[in-house]
Structures are given as C-alpha cells and as structure tokens.
Amino acid sequence: MKTRVSLWMLIVVLFTAFALPSSISASTGDQGINEKLGLPIVVYGEALSEAQKTEVSELLEVNQHDQVDEFTVNGQDLANYIGGNPNSNMYSSVKIIHQDNAEGLNIEIVTPDNITQVTKEMYTNALLTAGVENADVLVASSVKVSGHSALTGIYKAYDAKGVKLDEERMKVASDELDIATDIAEKEGVDRDKISELLTEIKKQIAEQDPATREEVEQIVQDQLQTLNIELSEEDRQRLIDLFEQMRNLNINFDQVQNQLEDLTGSIQDLINDDGFWNSLRNAVQDFFKSLSNFINSLFN
C-alpha cells in the first residue's frame, strides 16, 4: 500500500512539473509612464471583433501599463504605407515600447501558432531595413494569419507619434518580407536559413559598400554559396533586385551592425538547437512511455 501511495505522489510531482506553464513569458512588466520615451503604443487590426480585440489586449498584456496610446490599422493604411490592397482585412496587432538609444530592436511573436509565415527574425530584418530601431515590439493575432500586415501596424504607430519613416524604405522592407516568405514556401528553404541569408548579405553590404549592381550580385551569390542555399534563377534575381534597391536608397547598415551580429547569433542558436529540442522531446516521450508500462505492471 505504501509503495502505491509513494508511486502516486511521484506521478503527481512529475505531472505538475511538466504541466505547469513556464514562468518565462512575453511580459514587458509594469513600466508605468515613461516621460522620456512616451507611452507604449498598441495598434489593433481593424478586422478584429470586440471579443478578439479583448483577447489580443490580454495577449499583449496591455493592462500592465498605466496608460497606452491605442490605434487601429486598416486596409487603407496598408495601401498608404506600402502600396497594398486597401480592401485587405487586418488582424495582426502590435504593442511597441520605445527604448533608449543602443538598446536595440527586440521582437516577440506572442502567438507563434497564429503567425504562420513570418518569424521574429524576418520582422527584425525588415524593420531594420525600414529604419526602426531601439524598441520592444510584440506581435499577436487571435486568428491564423501570414503576419505580413503587422509591419503596417508598426509603421502607423510611428507615424501617429510623429516619427516619419522613409516611405521608400518601408516599401523595400515590405518587399523583403514578401520575398523571404515566398522563397521559404516555394523553394522549401527553412525560414531561419532565409533570415540568416538576408542578415549575412546586409553585413557584407555594410562591410564592402558595393558601388555597382554587379558587386551586389556577387555578394548575393557568395552568401548563397556559403550557406549552401540553391535558388531558382528567378528568386536569385529577386534577391539581387531587392538589395540593389537598398543600395540605391543608401541604407547604411553600418548603423545597425551590432544588431545584425546579434541577429546572426540568435538565428544560429535556433538552427543549432533544433536537434537538441527534438532529442529532449523524444526523451520525455520515452520516459512517460516507460512510466506508463511500469504502472501497468504494478496493477496487472
């Protein structure tokens, strides 16, 4: 009898350890009103129902702040900022907390299961292209969406607060996000690998300062070879055209070199840790299978 009681106590402890949610979350903490940097900004997708908006508000932990500035983003904003379809339904929502200079750009997707195409590294790359720096950005959606429209919400937030981002850079950043997700889907290339490719090309552009399209093309080709990524000629040209646009806009990636270095490190961590997490998952499954077999043997 004592053996069975002890066994059930062990099961309860193990179940509690695995079932309780982690204390690590997307929380940004109760920061009160920062008089230097301004209020946190929340931008909701217009297509959200009231119930969905409430859910997103909870996901973004809006109630943690004494006050926030709230806005709504719609299809017309998509058309105004990046030339998209004005009839688009907008679901992706964001919260932005401005940080001091040199704090960097930190992206968190609060609902990764509902943002189906865009990774946080893709968002980071695109926002650095657009000129967004030094902010904590949280992205959430209560329904499954690709995640592209979140960029428009971020652009509107900056515009509403009087920070004018360069229109051409915003459009190029949107193109970058489209190309990244298209290549990942069409070519079957891992999304983290695509993010690494974009980051490494930007780093090389910052170091080499290419003066011609041919030099941009060589940088793109070199990084494709280095990362062992094979693309169709069409997609390779799309990448070259994208970075040629960046060169023509004189986007200075030297200013965010440290951010690019950090981004490379985080992407590598994701790629390298994949095997570890698979092994851990298998070990946990094997453990509970063995535990189940052991329990069954006691009662049979």
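In what follows, residues are counted from 1 in the order of the sequence shown. Owing to the predicted nature of the structure, the values given are computational and were not obtained by experimental measurement.
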Query - Heavy-atom pair with the smallest gap, counting every atom of Val118 and Ile109 - result: O-CD1, 3.4 Å
Report summary line: In short, Thr72 meets Lys156 closest at the heavy-atom pair O-NZ, 2.5 Å
Requested in this report: Check whether more than 12 heavy atoms from other residues, nucleotides or ligands sit under 6.0 Å from atom CD of Glu230, and answer yes or no.
Outcome: no
**Report entry** Working for side chain to side chain donor-acceptor pair (under 3.5 Å), residues Asn80 and Gln76
**Finding:** CA-CA 6 Å; Asn80 292 341; Gln76 190 57 54; 3.1 Å; yes
Query raised in the report: Taking side chain as C-beta onward, heavy atoms only, is Phe253 less than 4.5 Å from Asp209?
Result: no
Query raised in the report: Do the side chain of Thr129 and the main chain of Asn125 share a donor and acceptor less than 3.5 angstrom apart?
Result: yes
Requested in this report: Please examine the side chains of Gln245 and Glu168, heavy atoms only from C-beta on, and report whether any two atoms are closer than 4.5 Å.
Outcome: no
Query raised in the report: Do other residues, nucleotides or ligands put more than 12 heavy atoms under 6.0 Å from the CG atom of Asn85?
Result: yes
**Report entry** Non-hydrogen side-chain atoms of Tyr123 and Ile115 separated by less than 4.5 Å
**Finding:** yes
Report task. Say whether, by atom type as modelled, one donor and one acceptor occur between the side chain of Glu215 and the main chain of Ala211 under 3.5 angstrom. Result -> yes
Report task. Test Leu198 against every option in Leu239, Thr124, Leu260 by the side-chain contact (heavy atoms from CB on, under 4.5 Å) rule and name the one that passes. Result -> Leu239
Query raised in the report: Taking the side chain as C-beta and beyond, is there a heavy-atom pair between Ile205 and Arg247 under 4.5 Å?
Result: no
Query raised in the report: What's the shortest heavy-atom distance between Leu227 and Lys193, and which atoms?
Result: O-CE, 3.4 Å
Query raised in the report: Which residue, Leu177, Leu249, Ile82, forms the side-chain contact (heavy atoms from CB on, under 4.5 Å) with Val172?
Result: Leu249
Query raised in the report: Are side-chain heavy atoms of Tyr91 and Asn114 found at a separation under 4.5 Å?
Result: no
**Report entry** NZ/NE/NH1/NH2 to OD/OE distance under 4.0 Å, Lys53 and Glu50
**Finding:** no
Query raised in the report: Side chains of His98 and Lys161: donor-acceptor distance under 3.5 Å anywhere?
Result: no
Report summary line: The salt bridge (Lys or Arg N to Asp or Glu O under 4.0 Å) partner of Glu176 among Arg238, Lys202, Lys171 is Lys202
**Report entry** Residue pair Asp222 / Gln218, side-chain donor-acceptor N/O under 3.5 Å
**Finding:** yes
Query raised in the report: With side chains defined as the heavy atoms from C-beta onward, is the minimum distance between Leu151 and Leu127 less than 4.5 Å?
Result: yes
Report summary line: Value for CE (Met246) from CG (Asn252), rounded to nearest 0.5 Å, stands at 13.5 Å
Query raised in the report: Does Val43 reach the side chain of Ile154, with side-chain heavy atoms less than 4.5 Å apart?
Result: no
Query - Shortest non-hydrogen contact from Ser142 toward Glu55 - result: CB-OE1, 3.5 Å
Query raised in the report: Going by heavy atoms in the side chains, are Arg236 and Gln221 under 4.5 Å from each other?
Result: yes
Query raised in the report: Is there a side chain to side chain contact (heavy atoms under 4.5 Å, CB included) between Leu105 and Glu133 once you walk through the steps?
Result: CA-CA 5 Å; Leu105 181 63; Glu133 301 178 45; 5.7 Å; no
Query raised in the report: Judged by atom type as modelled, is there a donor-acceptor pair below 3.5 Å linking the side chain of Ser93 to the main-chain atoms of Ser141?
Result: no
